[in-house]
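Notes follow once the structure below has been shown.
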2 protein chains.
Amino acid sequence: MADVFKALADPTRRTILDELTDRNGQTLFEICARLSMKHNLNSSRQAISQHLDVLESAQLVQTRREGRYKYHYINTKPLEPVIERWLRPAEPEEPSDPATAREEEP
Amino acid sequence: MADVFKALADPTRRTILDELTDRNGQTLFEICARLSMKHNLNSSRQAISQHLDVLESAQLVQTRREGRYKYHYINTKPLEPVIERWLRPAEPEEPSDPATAREEEP
DNA sequence: ACGATATGCAAGCGATTGCTTGCGTGTCAA
DNA sequence: TTGACACGCAAGCAATCGCTTGCATATCGT
């Protein structure tokens, strides 16, 4: 689970996920080209490849080999527990504005 | 928005959010003590203070001053757009298993 | 077989991160 | 006022990160 947050910490990796959301199943070169075109990100092939390795280690990207091509698919499953961890249990608590909240002294 | 992911990338900061979820509105020393007790995290006061600064910059923690005490409150609002970014738009797409999916050649 | 294509592996480098150390500031009780 | 308490600021350091560079492997078309 820690890998998921570390993977999402980099803006280039988040843009890669955006790209795979827009068009799933791209190859490495395809991702490089579209990152340069649509997102003005001129990172090298090796840089993107390493980013994809990080995303794959975090299970956020799954891959499928076919000959010399390697297709990359986004996988949003690791994101679901991220939400449940803090979003759900904290919702029915006290008001979100600290100026109006009150607690006993420590 | 980048600050949110960077803030969540550290395991100690995630544990701090867990602690604030369990008991909202704690002071710095209170957080230090409970991290040591319940989570076996023996970080120094300054280390935790810097972590809280990061969380506050990311708007994940709001603070309220009262005399020499500073109370910390979790704020889950920055987490909501995180979900919508990839979870929602990618759901009605093709099968998540890359072995069965298919795309045209690049 | 040969070259072109698509990707993998690994060492090295500057920048950033998380933490420590030491001192400073403001607040409260006696 | 004095001392204890809660917290802030900033320099320094080892570890990690993102990226480059260079070479290697594997697959396809001709």
Side-chain angles (χ1 to χ4, degrees), chain A residues 2-17 19-20 23 25-36 39-58 60-73 98 103-106, chain B residues 2-17 19-20 23 25-36 39-58 60-73 98 103-106:
Chain A
D3 299 326
V4 177
F5 293 100
K6 282 205 168 187
L8 292 176
D10 185 81
T12 302
R13 285 195 286 267
R14 293 194 297 271
T15 310
I16 291 178
L17 289 183
E19 248 308 304
L20 290 180
R23 176 183 169 86
Q26 297 188 47
T27 67
L28 171 58
F29 270 81
E30 219 175 334
I31 295 173
C32 288
R34 293 174 67 122
L35 283 182
S36 176
H39 305 275
N40 284 21
L41 274 182
N42 287 26
S43 303
S44 71
R45 175 186 64 86
Q46 287 85 347
I48 303 296
S49 176
Q50 288 166 2
H51 281 309
L52 287 172
D53 287 343
V54 175
L55 289 170
E56 194 173 354
S57 299
L60 285 167
V61 159
Q62 293 178 337
T63 61
R64 178 175 58 93
R65 263 248 163 216
E66 186 147 346
R68 53 179 166 177
Y69 298 128
K70 185 178 181 183
Y71 301 100
H72 301 264
Y73 298 87
E103 291 275 336
E104 66 272 22
E105 306 297 319
Chain B
D3 299 327
V4 178
F5 293 101
K6 282 205 170 189
L8 293 175
D10 184 82
T12 301
R13 285 195 287 267
R14 292 196 297 271
T15 309
I16 290 177
L17 290 184
E19 247 307 305
L20 290 180
R23 176 181 168 88
Q26 297 187 49
T27 68
L28 172 57
F29 271 79
E30 220 175 334
I31 295 174
C32 288
R34 294 175 66 122
L35 283 183
S36 176
H39 305 276
N40 285 22
L41 273 184
N42 287 28
S43 302
S44 73
R45 174 186 65 87
Q46 287 84 348
I48 303 296
S49 176
Q50 287 166 2
H51 281 308
L52 286 172
D53 287 342
V54 175
L55 288 170
E56 194 172 356
S57 299
L60 285 168
V61 159
Q62 293 179 337
T63 63
R64 178 175 58 92
R65 261 252 137 158
E66 187 147 345
R68 52 178 167 176
Y69 299 128
K70 186 178 182 184
Y71 301 100
H72 299 82
Y73 299 87
E103 290 275 336
E104 66 271 21
E105 306 298 321

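Quick note on labels: first sequence line is chain A, next is B, and so on, each numbered from 1.
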- Message: Output the rounded distance in Å from OH (A/Tyr69) to P (D/dC28).
- Response: 9 Å
- Task: Would you indicate, yes or no, if D/dG8 has its OP1 or OP2 atom less than 4.0 angstrom from a side-chain nitrogen or oxygen of B/Ser49?
- Result: yes
- Under 4.0 Å: is that the gap between some side-chain N or O of A/Lys70 and OP1 or OP2 of D/dT27? no
- For the pair made of CD in A/Glu66 and P in C/dT5, what is the distance, rounded to whole Å? 20 Å
- Message: Are the side chains of B/Leu60 and B/Val54 in contact, using a 4.5 Å heavy-atom criterion?
- Response: no
- Rounded to whole angstrom units, what separation is found between the CD atom of B/Glu30 and the C1' atom of D/dA6? 12 Å
- Note on the structure: To the nearest angstrom, the CG-P distance between B/Leu28 and D/dG8 comes to 7 Å
- Roughly how far, to the nearest 0.5 Å, is CG of A/Leu52 from OG of A/Ser57? 10.5 Å
- Starting at atom NE2 of B/His51, determine the distance to atom P of C/dC19, rounded to an integer number of angstrom. 3 Å
- Side chain of A/Arg68 (C-beta onward), nearest among D/dC5, D/dG8, C/dT5: C/dT5
- Message: To check you understand the geometry: which heavy-atom pair defines the closest contact between A/Arg45 and A/Cys32, and what is its length?
- Response: CA-SG, 3.8 Å
- Task: Answer yes or no: does a side-chain N or O of A/Arg13 lie under 4.0 Å from OP1 or OP2 of D/dG18?
- Result: yes
- Check every atom of C/dA11, C/dA6, D/dC7 against the side chain of A/Gln50 and return the nucleotide holding the closest atom. C/dA11
- Message: Whether B/Lys6 contacts C/dT16 is assessed here as follows: a side-chain N or O lying under 4.0 Å from the phosphate OP1 or OP2. Is that the case?
- Response: no
- Item | Point-to-point distance, once rounded to the nearest 0.5 Å, from CG of B/Asp53 to CZ of B/Arg13 | 10.5 Å
- Task: Send over the distance from A/Leu52 CG to C/dT7 P, rounded to a whole Å.
- Result: 10 Å
- Residue pair B/Gln46/A/Ser44 against DNA chain D: nearer the 5' end by closest nucleotide is B/Gln46
- Taking every heavy atom of B/Leu55 against every heavy atom of B/Ala7, the minimum-distance pair comes out as CD2-CB, 4.1 Å
- Query: Can you check the A/Phe5 CZ to C/dT17 P distance for me, whole Å?
  - Reply: 18 Å
- Task: For B/Gln26 and D/dC7, give me the distance from atom CD to atom P, rounded to whole Å.
- Result: 11 Å
- Between A/Ile48 and A/Gly67, name the one whose nearest nucleotide on DNA chain D is closer to the 5' end. A/Ile48
